[in-house]
2 protein chains.
Amino acid sequence: MTPSTETLTAERILEATEEVLRRHGPAKATVVDVARALGVSHGSVYRHFRTKAALREAVTKRWLDRTSASLTDVAAEARDPEARLRDWLAALFTAKRRKAGDDPELFATYLVLTGENVEAVGAHITDLTGQLTRIIRDGADTGAFTATDPATTARAVFHATARFHDPGYAQDWDQPDIEAQFEAVVDLVVRGLRA
Amino acid sequence: MTPSTETLTAERILEATEEVLRRHGPAKATVVDVARALGVSHGSVYRHFRTKAALREAVTKRWLDRTSASLTDVAAEARDPEARLRDWLAALFTAKRRKAGDDPELFATYLVLTGENVEAVGAHITDLTGQLTRIIRDGADTGAFTATDPATTARAVFHATARFHDPGYAQDWDQPDIEAQFEAVVDLVVRGLRA
DNA sequence: CAGCTGACAGATTTCAATATCTGTCAGCTG
DNA sequence: CAGCTGACAGATATTGAAATCTGTCAGCTG
């Protein structure tokens with residue numbers, strides 16, 4: 001809407017795209033809308049992103065990366081691996097649940113985007129299971145956990161806790177006993193890891 | 001299509017409805033189609049089912065009950081609870097995976113139906129976790145498992161293995177290493193249950 | 001007269017015409 | 001002349017009128 005003297009960068013386009021997605025939703029957000037929000041012609045947007053799909057993918061990646069970043073600290077700490085694993089899983093659940101609860105419409109939008117960008121989601125999951133692998137390997141090293149193949153075990157832990165981070169289950173995250181369900185699964189998984 | 005001299009029963013209507021759903025898919029299957037398939041007027045169908053939604057719900061329940069029935073035997077056997085649990089989970093996974101793989105279109109149809117009938121799905125899940133509770137309680141009684149609250153533990157096991165029975169994950173069930181993923185999660189869960 | 005039919009009102013879906021969008025590119029502009 | 005514009009072709013989405021469907025019920029039929 002507002003023309004600007006600032007140079008048009010990929011970054012500014014991504015911010016405008018997020019805003020347009022927030023306003024119009026994934027079905028109605030168009031490249032023309034993004035250009036209008038930036039006060040440029042839509043041809044200029046295509047100078048920075050080859051296709052609309054590429055633009056949406058970039059937005060999706062940014063969003064997923066922001067989620068991962070908030071967890072890396074927990075994964076990297078030098079503490080008791082069991083407590084670290086519990087904290088990491090709780091942090092992941094809390095982060096996802098907050099995103100889903102705070103702005104359900106925006107969350108639904110990102111649910112559509114992740115559905116469109118399976119590859120980006122795959123990279124995100126690889127990142128997350130990598131963080132888990134680190135915690136589990138540390139646990140195996142200190143003797144707290146049994147794990148012949150930390151990477152495989154990490155993926156099993158990730159799959160076993162899917163109910164509490166997979167956006168497809170977001171509808172269940174406001175059940176009154178969801179915390180108890182989370183505790184029960186984490187307890188089961190942690191017991192399964194112990195040496 | 002073919003008129004019949006047989007009396008019109010709920011059973012016959014349900015069979016015809018399954019056939020119509022198979023043929024036309026969930027979006028295009030109409031009550032008029034079902035009536036046509038039975039050679040009656042659609043008014044007659046409404047004599048047995050108050051609404052189209054009720055008819056679809058009945059079809060959904062039948063389908064879910066057929067799945068449950070194939071597992072009750074495994075749950076009720078008098079054998080080593082750990083082996084029984086592994087067999088039960090494997091049987092559930094195999095049954096779902098076969099349904100998804102054999103006729104993907106029909107499976108997609110039932111995915112829509114289960115989405116429409118959350119209540120029926122809830123009853124189905126209650127049934128399945130009930131079967132799991134029995135196995136786990138047996139394990140706790142024989143001393144093979146630790147479980148202060150078998151029902152809660154059963155639900156945790158069900159949630160932890162969701163990737164291998166929740167139809168939402170059907171798209172992942174033809175990954176080459178899906179069996180290894182299943183083994184890893186089941187091993188983790190079984191270790192978590194052991195006393 | 002129990003069970004079925006078929007006409008009907010209102011809701012939903014389909015379809016085709018119209019409008020908008022995506023992606024390209026020749027040419028304009030600072 | 002690097003970066004942007006705006007017109008354009010083909011693809012996609014929107015719209016509103018017509019067709020079909022859902023659910024009801026008075027009356028037919030065996």
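By convention in this document, chain letters (A, B, ...) are assigned in the order of the sequence lines, proteins followed by strands, and residues within each chain are numbered from 1.
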Worksheet, complete the sentence: Partner of C:dT29 under the Watson-Crick or G-U wobble criteria, both distances under 3.5 Å, comes out as D:dA2

Worksheet entry | Nearest-angstrom distance from the residue atom CZ of B:Arg56 to C1' of D:dT22 | 12 Å

Worksheet item: On a plain distance test, is the side chain of B:His42 in donor-acceptor contact with the base of D:dG23 below 3.5 Å?
Response: yes

Practice prompt. In sequence, state the C-alpha distance, the side-chain angles, and the governing distance for B:Phe182 and B:Phe93, and then conclude on ring pair (Phe, Tyr, Trp, His ring centres under 6.0 Å).
Written response: CA-CA 9 Å; B:Phe182 177 73; B:Phe93 182 32; 5.0 Å; yes

Item to complete: Would you indicate what B:Thr30 reaches in the nucleic acid, counting non-hydrogen atoms under 4.0 angstrom: base, sugar-phosphate, or nothing?
Response: sugar-phosphate

Worksheet, complete the sentence: Comparing B:Ala27 with A:Val32, nearest DNA chain C nucleotide closer to 5' gives the residue B:Ala27

Worksheet entry | Integer-rounded Å distance: D:dG3 P and A:Leu38 CG | 17 Å

Discussion item. If I take atom CZ in residue B:Arg12 and atom P in nucleotide C:dG3, what distance separates them, rounded to the nearest angstrom?
Written reply: 15 Å

Worksheet item: Rounded to whole angstroms, how far apart are CZ on A:Arg36 and P on D:dG6?
Response: 14 Å

Worksheet item: Starting at CZ of B:Phe49 and ending at P of D:dG23, how long is that distance when rounded to a whole Å?
Response: 13 Å

Worksheet, complete the sentence: From the list A:Lys52, A:Arg56, A:Lys61, salt bridge (charged side-chain N to carboxylate O under 4.0 Å, His left out) with A:Glu116 holds only for A:Arg56

Worksheet entry | salt_bridge(B:Arg22, B:Glu19) N-O dist < 4.0 Å | yes

Discussion item. Counting only side-chain nitrogens and oxygens, does A:Ser44 get under 4.0 Å of the OP1 or OP2 atom of D:dC4?
Written reply: no

Practice prompt. Kindly assign one of parallel, tilted or perpendicular to the pair A:Tyr110 and A:Trp63, based on the angle between their ring planes and the thresholds 30° and 60°.
Written response: parallel

Item to complete: Check the angle between the aromatic planes of A:Phe158 and A:His165 and answer parallel, tilted or perpendicular using the 30° and 60° thresholds.
Response: parallel

Worksheet, complete the sentence: Separation of C:dG23 atom C1' from A:Leu55 atom CG, nearest Å, is 13 Å

Fill in: Base-pairing mate for C:dA19 - Watson-Crick or G-U, with both contacts under 3.5 Å
D:dT12

Worksheet item: The side chain of B:Tyr46 lies closest to which of these nucleotides: D:dG23, D:dT5, C:dC4?
Response: D:dG23

Practice prompt. Tell me which of A:His48 and B:Arg47 sits closer to the 5' end of DNA chain D, going by the nucleotide each one is nearest to.
Written response: A:His48

Practice prompt. Could you please name the option among D:dC21, D:dT14, C:dT24 that lies closest to any side-chain atom of A:Lys28?
Written response: D:dT14

Worksheet, complete the sentence: Rounded to whole Å, CG of B:Leu8 lies from C1' of D:dG30 at a distance of 16 Å

Response to the item:
Whole-Å distance, B:Lys52 NZ to D:dT24 C1', equals 17 Å

